[in-house]
Structure formats: structure tokens, C-alpha cells
S.K.: 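Here it is, the structure in full.
In what follows, chains carry the letters A, B, and so on, assigned in the order in which the sequence lines appear, proteins first and then strands, with residues in each chain numbered from 1. Remember, it's a predicted structure, so these values are computed and weren't measured experimentally.
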There are 2 protein chains.
Amino acid sequence: MQTATPTPAERTVTATMQVLPRTLTVARADAAPAPIKTLCSTCHLKDLCLPCGLTGSDVERLDSLMFARRRVKEGQALYHEGEKFQFIYAVRSGTFKSVLTLKDGREQVTGFQMAGELMGLDGLASGKHASAAVALEDAEICAIPYSHLSELATVSPDLQHVISRLMSREIVREHSLMMLLGSMNAEERLAAFLLNISQRMKARGYSATEFHLRMSRAEIGSYLGMKLETVSRTFSAFQQQRLLEVDKKHVRIVDLDGLTHAFEMRVQ
Amino acid sequence: MQTATPTPAERTVTATMQVLPRTLTVARADAAPAPIKTLCSTCHLKDLCLPCGLTGSDVERLDSLMFARRRVKEGQALYHEGEKFQFIYAVRSGTFKSVLTLKDGREQVTGFQMAGELMGLDGLASGKHASAAVALEDAEICAIPYSHLSELATVSPDLQHVISRLMSREIVREHSLMMLLGSMNAEERLAAFLLNISQRMKARGYSATEFHLRMSRAEIGSYLGMKLETVSRTFSAFQQQRLLEVDKKHVRIVDLDGLTHAFEMRVQ
DNA sequence: CGCGTTCTTGACTAGCGTCAATGTGAGTGG
DNA sequence: CCACTCACATTGACGCTAGTCAAGAACGCG
């Protein structure tokens, strides 16, 4: 049985991958281009991430790009809103939030990204990132130079198709969030959120019913279009309904079917 | 895994479907005349639509696809949720809404499309349309076979880039809608909506301050995450504040600056 | 002309936001 | 090691925004 904390698995993998110049990475942290290069073909996330669905030759082509790896500390931004768009980023470990900021300072979390998920696709439209990406815990990413990826896509129709499909998936994801924000009440929103997290944890080999949330009540609230107090109250309500057991950020889904059926919706 | 790579099979199927039976589609749609083919190079919408930003040779390539035109009557669906994805559609005239439906019947309008705008990009993710597109008035569209477009993109990097950018733009658009739904009140929502419509009308050569809305109060409400009564009340409130003059679907923006400054936000 | 649909407006209410007090755990420094 | 702070979470009391229900007006359509 997998624990909810990703640390053990993560550590092993990271250790094997970073045989070479680890010190360099740590030393340079986030400043210069990172010295560690990554190969998709040997990555443990290849079935979740960019190369998913690609055949050997295409994955080899991706390998030739040698994506740079970079560590991002908790609270640090990987990129800011308005910053020049050059890379798309794949999460290797850790969790990120994507945030929009209004002129008056109001923030809106537009998504949470976990291992294997891509960030930054919104920057392509205007050449500038349309949102910021902030690490919710110490994290590691692959930086994928869009221009190189784009070149490669001219050679490989399959790769091109994969990229298009990933962008389309992001559109679909946002559709269901709009549904959530536009026509669901507080309990439905939180249930949908938890079920979504649950699925994604499961897809990554973790327990689908017990996990640590990496985001605060305020961040959940922003994402779901409600205030942090309402998030907290709704957690308590679920606990009283014997659907969950909650202790701060640790969540155990007691009645997954109950949660699913009571708030059945198009998921994903 | 396997389902993730539909490319080869899909292409064959779509290709065979494509050549002949488009006549059927049109005939079935509603007693339409023989299929009319369209050239991007001579289209009056070329600066707003797919070919925007492409050079002569690329536009010629698009011309070779000879997109079929189709009329869609008010209230008729161009495609339904769950329907097989084969085409993306460009609006030639008229207005559409994109709609998601929850199992319990609740609907969410995820967007309104005007002349020159594309629909159906969300279908690429899973090979099935993730939303339905319904005409709000008698309309005409170009049906763009995705498989052909995709083939063409392998020859032309610029075209490929344009497609990616259009998808990214859709992501950004949905971002700002999420901001709206997640953190704005009724007046801000309606103001943002009207300013957005205003801009798009202007880009199409119409007045930016006086126009007919093609959607009902209920549809606006669904899009903005509020009830139709609240939409109606907010229109009345704006009228009392001397920002608008409203008569049912006819809107005149009296104080565009007022509307803009009072509810300043990141637009598009 | 009557009918259905859409819009407007009013009265009332529920759900969520706001404000505030208290609890809790992690990190820090003496 | 403990006291302190700070950030975050929980809970209660209250208020307001927007939802609900309902009635009537305006319009288009057959």
C-alpha cells in the first residue's frame, strides 16, 4: 500500500537520475541554465507526461533535446505573469499552482499541477505567460524549449498531434472548471475537487482515498470560487456526513462512492 | 495507453469519410443546396479567422482543402457533446453558443462564437466533442477537416504554429472567464461581458457602443454564472447609473469609459 | 387575436461572505 | 527546552448578495 506522501518513491528516482553533477544544481539553484539534463526515454513519468502515446523513435527525438532540469523552492515562482514565453514546463516532482492576478490584487488560482503535468501552454497565444506558476512545495521541473519542440514537431506528425491533444485537454479541463464555478454549490465544488485530486493521485500510484493536500484552504477557495472559511466549513460538513476524515491538510476519503454518487458529475 | 494514440487509424477513417459524403451531411442538415466550397484567400474574414498571420503560400495550401460551407438554423446544433470529432468549424456568419450539460440537466454556456472564430478545438483531446455548439441565429460555417488540416501542418510550420496559437488563445480566454466566475460580483461580470462583446463587434467593423445581443438573459446568465433575473436586474442597474441604455437585446453603451474604468480588469 | 416565450420587477430567503475570536502546529531564538 | 511568533485552520454570529418564487408586461408568431 502506497503512502500518501510522495517522498520515498521520489527520493529513489531522483537519486538514480542524478548520478552526475548534483552539487552544481544545488549550487546554482534557479539562476543559470540548469546543468542536469533529462531523457524522456528513461523517465519514470513518461506514461503521464509529454511522451505519453509516442513510439520509440519519437521519444528518441525528444531525448535529443536534453531537457534541462531545475529545482524550484516552495513559494518560488517558476515564471511570472507577463514574462516572455520560451519554455513549457513539465512537473517532475512537487506541486504547483497557476495564478492570475487582477490589477486590484485579487488572485484566481486557475489550476494545480502535479508530477507529469505540463505548465505554460497559455503563453503561446501572445508570447507572454498569461499566468504565474508557483511551487506549493519544493519541486523539480523539466524546462522544454518551445522553439525546439516546435521544430521537432515539423518532423514528427505524431509529436505534433500529442502537443495539440495536450492543449485540447487543457481546454477541456477548464471547461469543467467553468461548469463547476458557474453552476455548482459549495459542497459540489469541494466534492468535485477532492474526487479530481483522488483520481490524479491514483494515476500516480498513490492512494486514491488518503492523501496530503499541498495547497492551503485559501488556495482551494480561490480555485473553487469560494472563501477559505466556506472551504473549511464544507470540509467539516463532509466529516459530519461521514464522507471524509480531515485533519488540516491530511484527507481520508471514508466513503468514496458516497462522495462520487452524491455529487456525480462529468469528471475531467 | 493505446487509446492515447489514435492518429493513424483516425486519419484513415476521417480521410475516407471526408471525400464523398459531405453532401450527405449537408443534405441531412436541412434541405440545403449542393455543398459550397470556400477559399480562405478570398474570404472577407481571413484576417480574423484561421489564415490570420499566414503568408500567401500557406493560404494557398489552405485553399487546396476547399472547406465545405454549411448553413445552420437558429436553435440547431452544429455538433453535440460526445459526438465524434472530425472537423473544427469556423463561423462565417451568425453567432453560436458552446454548451456543456451535466447529467442532471444543468447547463453551462462556456462561450459565444462570432464570425471568424473557431469552434470544436476541445474535441481533439479525446476524439469526441466535449461540448455542443448551437446556433443563436441562422448561421453559416466552414467545416475544416481536422485530419487534412493536420496533414497540411506537417508541411507548413507556420500553419502549425497558427493552430497552436489559436488553441492557446482559447486557454487564455477560459482563464479570464475563470477569473470572472471565481472572483467577480454580478456587476463586474456583466460589465466584463459587455466590454468583451463590444471589442469583438468593433474588430468586426461594427459599432463598439451599440449592438444587438443574440443571446437570451438565461444564456448570458449561464455564461456568467448567475441567474437570468440577476442579469436583468444588473442591466437595469447599469441603466440607472447612466452607463447603458438597454431595450431587451438592444444595448447602447452610453459611457464606455465609465464602464471600462469602473470595472477595469485584464481583458482577453 | 390568443398563445407562448422572454424580460422585468417585487418580495422574500438561503447560502455564502465578512468579521472576529480562538485553536493549533511549525519555526525561531533566547 | 520553553516561550514566542506567525501562518493557517476552525468556528460562531451576523449581514448582504444573489437565488427563488411569483406576477405582470412586452413581444413575436402562428
S.K.: Take the protein atom CG of B/L190 and the nucleotide atom C1' of D/dT17, then report the distance between them rounded to whole Å.
M.R.: 16 Å

S.K.: Taking only Lys NZ, Arg NE, NH1 and NH2, and the carboxylate oxygens of Asp or Glu, determine whether B/R204 and B/E117 approach each other closer than 4.0 Å.
M.R.: yes

S.K.: Can you tell me how far C1' of C/dG17 sits from CZ of A/R106, to the nearest Å?
M.R.: 14 Å

S.K.: Give me the distances for all protein-to-nucleotides 9-12 of chain D N/O pairs that come in under 3.5 Å?
M.R.:
{"residue": "D/dA9", "atom": "OP2", "partner": "A/R217", "partner atom": "N", "Å": "2.9"}
{"residue": "D/dT10", "atom": "OP1", "partner": "A/R217", "partner atom": "NH2", "Å": "3.3"}
{"residue": "D/dT10", "atom": "OP2", "partner": "A/R217", "partner atom": "NE", "Å": "2.7"}
{"residue": "D/dT10", "atom": "OP2", "partner": "A/R217", "partner atom": "NH2", "Å": "3.4"}
{"residue": "D/dT10", "atom": "OP2", "partner": "A/S232", "partner atom": "OG", "Å": "2.8"}
{"residue": "D/dT10", "atom": "O5'", "partner": "A/S232", "partner atom": "OG", "Å": "3.2"}
{"residue": "D/dT11", "atom": "OP2", "partner": "A/S236", "partner atom": "OG", "Å": "2.6"}
{"residue": "D/dG12", "atom": "N7", "partner": "A/R233", "partner atom": "NH1", "Å": "2.9"}
{"residue": "D/dG12", "atom": "O6", "partner": "A/R233", "partner atom": "NH2", "Å": "3.1"}

S.K.: If I take atom CE in residue B/M184 and atom C1' in nucleotide C/dG17, what distance separates them, rounded to the nearest angstrom?
M.R.: 18 Å

S.K.: For the pair made of CG in A/N185 and C1' in D/dA18, what is the distance, rounded to whole Å?
M.R.: 14 Å

S.K.: Round to the nearest Å and state the distance from B/M226 atom CE to C/dG15 atom C1'.
M.R.: 17 Å

S.K.: Using a strict 4.0 Å threshold on nitrogen-to-oxygen distance, state whether B/E188 and A/R106 make a salt bridge.
M.R.: yes

S.K.: I'd like to know if A/K128 and A/E83 make a salt bridge, using a cut-off of under 4.0 Å between side-chain N and carboxylate O.
M.R.: no

S.K.: Give the rounded distance in Å between these two atoms: CD of B/E137 and P of D/dG28.
M.R.: 16 Å

S.K.: Taking the side chain of A/K227 as its heavy atoms from C-beta onward, which of C/dT18, C/dC16, D/dA18 lies nearest to it?
M.R.: C/dT18

S.K.: Nearest whole angstrom, please: distance from the C1' of D/dA7 to the CG of A/L136.
M.R.: 15 Å

S.K.: Whole-Å distance between C/dT8 P and B/E245 CD?
M.R.: 14 Å

S.K.: Looking only at the aromatic ring of each residue, does the gap between the centers of B/Y223 and B/F112 stay below 6.0 angstrom?
M.R.: yes

S.K.: Answer with yes or no after comparing the ring centroid distance for A/Y89 and A/Y79 against a 6.0 Å cut-off, counting only values under it.
M.R.: yes

S.K.: Hey, is A/R69 close enough to A/E140 for a salt bridge, meaning N to O under 4.0 Å?
M.R.: yes

